[in-house]
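Below is one structure, written out as structure tokens; the observations come after it.
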Amino acid sequence: MDYRLSNRFLRLAVLFALVGMALGYWMGATEQFAASPVHAHINLLGWVSMALYGLFYRVQPSAARGWLPQTHFWVSLIGLLIFMPALAAKLLGGPDLQAAANLGLMVGPTLTLLSMILFVAVVFRATGPRAAPA
């Protein structure tokens, strides 16, 4: 069985968990909580969603075949890597960062939503009536 896609999602998930926890630790230690939305989004979209994607592809390895799951991976990753810095810049950055933050806050969440739409298509394709047993 080919678990490469599952492994990539799971490895990213634990890295995002580490980043999210480190950010939460820093916020608690400094009592500066302005980045709380970034912390929450990293943990939910980075840790939880990526882990769930990885676990799905682990239990349904045939779902990882083809261009759609690969596109799902890259759109998920790129979306989050644009979304989180843009949200941080919006919340913490000065006026000179706001234009770039606004652009990132259009592109990043759009890609993140698109990645979920792609995942819905993958799940429905893999679990539909004509799906092959895993």
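Sequential numbering from 1 along the given sequence is applied to the chain's residues. Only this structure's heavy atoms are used, side chains among them; waters, hydrogens and symmetry mates stay out.
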State, to 0.1 Å, how close A64 and Q70 come at their nearest heavy-atom pair, and which atoms those are. O-NE2, 3.4 Å
Contacts of type side-chain contact (heavy atoms from CB on, under 4.5 Å), residue L68, not counting sequence neighbours: L118, A121, V122, R125
Side chain to side chain donor-acceptor pair (under 3.5 Å) filter on H41, not counting sequence neighbours, yields none
Connected to I117, directly or through other members, by ILVMFWY side-chain contacts below 4.5 Å are L113
Hydrophobic cluster (4.5 angstrom, side-chain heavy atoms) - remaining members for L55: L10
Between A13 and A51, what is the shortest heavy-atom contact and its length? CB-N, 3.5 Å
Residues forming a side chain to side chain donor-acceptor pair (under 3.5 Å) with R11, sequence neighbours excluded: none
Report, one line per pair, each donor and acceptor closer than 3.5 Å where one atom sits in a side chain of residues 18-34; sequence neighbours left out.
from, atom 1, to, atom 2, distance (Å)
T30, OG1, W26, O, 2.8
T30, OG1, Q32, N, 3.4

If the condition is side chain to side chain donor-acceptor pair (under 3.5 Å), which residues does R58 pass it with, not counting sequence neighbours? S6, N7
Taking the side chain as every heavy atom from C-beta outward, state whether Y53 and S115 have any atom pair closer than 4.5 Å. yes
For Y57, all residues meeting side chain to side chain donor-acceptor pair (under 3.5 Å), sequence neighbours excluded: H72
Could you list the donor-acceptor pairs under 3.5 angstrom formed by side chains in residues 77-102, with sequence neighbours left out?
from, atom 1, to, atom 2, distance (Å)
K90, NZ, Q98, OE1, 3.3
K90, NZ, N102, OD1, 2.8
Q98, NE2, A89, O, 3.3
Q98, NE2, G93, O, 3.3
Q98, NE2, G94, O, 3.2
N102, ND2, Q98, O, 3.2

Just jot down the salt bridge (Lys or Arg N to Asp or Glu O under 4.0 Å) partners of R65, sequence neighbours excluded, or say none. none
Starting from V14 and following side-chain heavy-atom contacts under 4.5 Å between hydrophobic residues (I, L, V, M, F, W, Y), which residues can be reached? L44, W47, V48, L52
Shortest non-hydrogen pair, R4 vs D2, comes out as NH2-OD2, 2.6 Å
State, to 0.1 Å, how close G104 and P109 come at their nearest heavy-atom pair, and which atoms those are. O-CD, 3.5 Å
Can you tell me which residue pairs pass the ring pair (Phe, Tyr, Trp, His ring centres under 6.0 Å) test with a partner in residues 87-111, sequence neighbours excluded? none
Nearest 0.5 Å please: distance from the CG atom of L5 over to the CZ atom of F56. 10.5 Å
Spatial distance of atom CZ (F9) from atom OG (S49) [nearest 0.5 Å]: 9.5 Å
